[in-house]
Amino acid sequence: MNFVKVENVTKSFGVTQVLKGINLELKERSQIVLKGASGSGKSTLLYLIGGLDKPDTGKVIVAGKDIVPFKDDDLAIFRNSSIGFIFQFHFLLPSMNCLDNILLPARIGARALSDIKPFVVELAKKLGVDHLLKKYPHQISGGEQQRINIIRALSLRPKLLLCDEPTGNLDSVNSSKVVELLKSLSTAFGSALIIVTHDDAVANSFEKKITIEDGQIIS
C-alpha cells in the first residue's frame with residue numbers, strides 16, 4: 001500500500017520553477033533518501049510532502065488523504081498527529097527546558113501527557129539524554145540538542161518522519177550515528193522515513209535512493 005503519493009506536482013517561487021512535474025510513490029515503512037545538489041528541489045519536495053507548503057499544481061496524498069486542499073487549521077492538526085519533522089537546525093525553544101520542548105507537540109495536540117511523558121522519558125534513556133531533560137538547550141551540546149529534537153519528532157509516534165539535512169552540522173562519525181538511529185527508530189515505530197541530503201556517505205547508507213536534479217527525479 002502506498003503511504004505517500006505525489007502526482008504531477010509543480011512548484012515555482014517567482015519566475016523560478018523549482019519542481020517540474022514530480023511523481024513519487026512510497027510504501028508504508030519505506031526508508032529512502034532524497035539526494036541532490038543545493039537548489040535541486042529536494043527540500044521543497046520534502047516540505048510539500050509534509051504540508052509545510054503547497055504545490056502550484058498536482059496532488060500530495062499522505063495516508064490516503066490529499067492534503068493540498070486542506071485548510072490551514074486542518075493541515076496543522078494533520079501534521080501534528082501524523083508527521084514528525086527533523087531539520088538541520090533543531091529549533092528548540094530556548095525558554096523551555098528539554099522535556100518541555102519534547103512535550104510541546106503533545107500539548108499543542110491536546111494529548112494526555114500521562115501517556116506521552118513515560119514514553120519520551122524511556123526514549124531519552126535509550127538515546128542517553130535522560131539526564132538532560134531538565135536542562136535548557138543552551139546548556140547542552142549540538143549533538144545532544146539533535147537527539148532531543150529526534151525525541152520530540154517521535155513523541156507522538158508519527159507514521160511519517162521527514163528529515164531535512166539532519167546531519168548537516170555534524171561530523172562524519174556523529175552523522176553516521178544519527179542516520180542509523182533514525183533508521184532503527186523508524187523501524188521500531190513503523191514509520192516511513194525520508195531523509196534529504198547532499199552527503200554521499202549518508203545517501204549510500206540507504207538501499208533506496210531518489211536523485212533530484214533541476215526539479216525532476218532522474219533516478
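These values consider heavy atoms only, across backbone and side chains, with no hydrogens, waters or symmetry-generated copies.
- Heavy-atom contacts from other residues, nucleotides or ligands closer than 6.0 Å to NZ of Lys54 number more than 12.
- Of all non-hydrogen atoms in Val9 and Pro55, the two that sit nearest each other are CG1-CB, 3.8 Å.
- For Leu113, the side-chain contact (heavy atoms from CB on, under 4.5 Å) criterion is met by Leu103, Ala106, Arg107, not counting sequence neighbours.
- Asp200 is linked by a side-chain contact (heavy atoms from CB on, under 4.5 Å) to Lys35, Asn204, counting only residues two or more places apart in sequence or in another chain.
- A distance of 6.0 Å separates CZ in Phe189 from CG in Leu154, rounded to the nearest 0.5 Å.
- For the atom pair Ile22 CD1 and Ile210 CD1, the distance stands at 9.5 Å (nearest 0.5 Å).
- Note that CD1 of Ile151 and CG of Leu99 are 9.5 Å apart. Values are rounded to the nearest 0.5 Å.
- You'll find the side chain of Leu185 stays beyond 4.5 Å of the side chain of Lys126, heavy atoms only.
- Summarising the hydrophobic clusters (Ile, Leu, Val, Met, Phe, Trp, Tyr; side-chain heavy atoms under 4.5 Å, direct or chained), the residues clustered with Met96 are Leu93, Leu104, Ile108.
- Atom CD1 of Ile86 and atom CG of Asn149 lie 6.0 Å apart (nearest 0.5 Å).
- Lys11 NZ to Leu45 CG: the interatomic distance, rounded to the nearest 0.5 Å, is 12.5 Å.
- The only member of Asn23, Leu19, Ile49 that meets side chain to side chain contact (heavy atoms under 4.5 Å, CB included) when paired with Val6 is Ile49.
- Taking the six-membered ring for Trp and thresholds of 30 and 60 degrees, Phe91 and Phe87 have ring planes more than 60 degrees apart, a perpendicular arrangement.
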* Decide yes or no on side-chain contact (heavy atoms from CB on, under 4.5 Å) for Ser155 and Arg111, but give the supporting numbers first. => CA-CA 11 Å; Ser155 62; Arg111 301 282 288 272; over 6 Å; no
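- A donor atom on one side chain and an acceptor atom on the other are not found under 3.5 Å apart for Glu165 and Ser43.
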